[in-house]
Amino acid sequence: MLIWRPKTVGVGVGVGGGLEERWRDILSVHARTMCEIDRVLHPHGLGASDFEVLDILAAESPEEGDQCRVQNLVGRVHLSQSALSRLIGRLEKDGLVERSVCAEDRRGVWVALTRAGRDLHARVRPLQRDVLARMLGS
C-alpha cells in the first residue's frame with residue numbers, strides 16, 4: 001500500500017528536480033484512495049464522488065431541512081458542473097437528496113439531504129474515514 005508522505009522541497013528545486021515524480025506519486029495515491037473508497041462504498045450503492053457530495057451537504061447543512069446551493073458545491077467537488085448535476089440527479093432518484101428552485105433567483109437550485117441521505121451518510125462516513133486513515137495516515 002502506498003501511503004503519501006510529503007517530501008521536503010529544497011531551495012532551487014525546479015522542473016527535473018523530482019517534481020514530476022512527486023506529482024506522479026500524488027496522482028497515484030489519489031487514484032488508489034478513490035478506488036478503495038469506491039470499493040468499500042459500493043455495497044451501500046455509493047461511489048467516492050457520491051459520498052463527497054453527501055459529506056459536503058452534511059457539513060454545510062447540518063440540520064434536517066437545511067439547504068445548500070448547487071453552485072456552492074461546484075468548486076468543492078472535482079466534477080464539472082454538468083457531471084455534478086447528473087450526480088445530484090442520481091442521488092435525488094435514489095431518495096438521498098431533494099432539489100428545489102431558488103425563489104429569489106430562478107436560475108439557482110437548492111439541494112438538501114433527505115432523512116435517508118443523512119442516515120446513509122452517517123452509516124458510511126466511518127468507512128470512508130477509515131480508508132483515508134489507512135491510505136493517507138502515518
Side-chain angles (χ1 to χ4, degrees):
M1 173 184 332
L2 178 64
I3 296 177
W4 183 69
R5 290 184 178 79
K7 297 177 183 174
T8 12
V9 179
V11 177
V13 174
V15 176
L19 290 178
E20 301 92 344
E21 182 181 334
R22 287 179 42 222
W23 173 242
R24 288 184 186 106
D25 286 347
I26 290 168
L27 291 176
S28 176
V29 170
H30 178 266
R32 289 174 193 260
T33 303
M34 292 294 281
C35 286
E36 184 63 9
I37 291 170
D38 279 337
R39 187 187 68 74
V40 301
L41 296 182
H42 183 264
H44 302 276
L46 294 175
S49 295
D50 303 324
F51 177 83
E52 280 303 309
V53 170
L54 295 179
D55 200 43
I56 292 168
L57 287 173
E60 291 294 314
S61 45
E63 302 296 322
E64 193 152 345
D66 286 351
Q67 297 178 316
C68 180
R69 283 190 65 149
V70 171
Q71 191 60 35
N72 294 345
L73 298 174
V74 170
R76 301 198 51 204
V77 294
H78 300 286
L79 297 171
S80 67
Q81 188 165 358
S82 62
L84 175 61
S85 184
R86 288 190 304 273
L87 187 149
I88 290 171
R90 287 192 310 271
L91 295 175
E92 184 177 37
K93 183 180 170 207
D94 292 342
L96 302 175
V97 301
E98 294 175 332
R99 283 189 284 193
S100 59
V101 175
C102 177
E104 300 83 33
D105 177 3
R106 303 279 305 159
R107 295 169 297 169
V109 177
W110 292 102
V111 64
L113 285 174
T114 62
R115 171 52 36 207
R118 286 185 187 282
D119 291 345
L120 181 58
H121 174 261
R123 281 195 313 275
V124 300
R125 184 177 184 268
L127 302 174
Q128 187 261 5
R129 296 305 196 260
D130 179 59
V131 170
L132 294 182
R134 282 187 288 116
M135 301 298 286
L136 306 175
S138 51

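Quick caveat: nothing in here was measured; it's all calculated off a predicted structure.
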Gln128 side, atom CD; Asp38 side, atom CG - distance, nearest 0.5 Å: 11.0 Å

Charged N-O contact under 4.0 Å between Glu36 and Arg39: yes

Pair Asp66 + Arg118, salt bridge at N-O below 4.0 Å: no

Residues, nucleotides or ligands: over 12 heavy atoms within 6.0 Å of Arg115 CZ: yes

Ser28 side chain near Arg24 side chain, heavy-atom distance below 4.5 Å: no

Within-4.5 Å side-chain heavy-atom neighbours: Asp50 and Leu41: no

Side chain to side chain, Val74 and Gln71, heavy atoms closer than 4.5 Å: yes

Joint hydrophobic cluster, Val131 plus Val77, side-chain heavy atoms closer than 4.5 Å: yes

Glu52 and Leu84, any side-chain heavy atoms less than 4.5 Å apart: no

Atom NE2 of His44: over 12 foreign heavy atoms under 6.0 Å: yes

Atom pair CG (Leu113) and OG (Ser61), whose distance is rounded to the nearest 0.5 Å: 5.5 Å

Inter-residue atom distance Thr114.OG1 - Leu96.CG, 0.5 Å rounding: 5.5 Å

Pairwise side-chain hydrogen bond (donor to acceptor under 3.5 Å, both in side chains) hits with a residue in residues 84-96, at least two apart: Glu92-Arg99

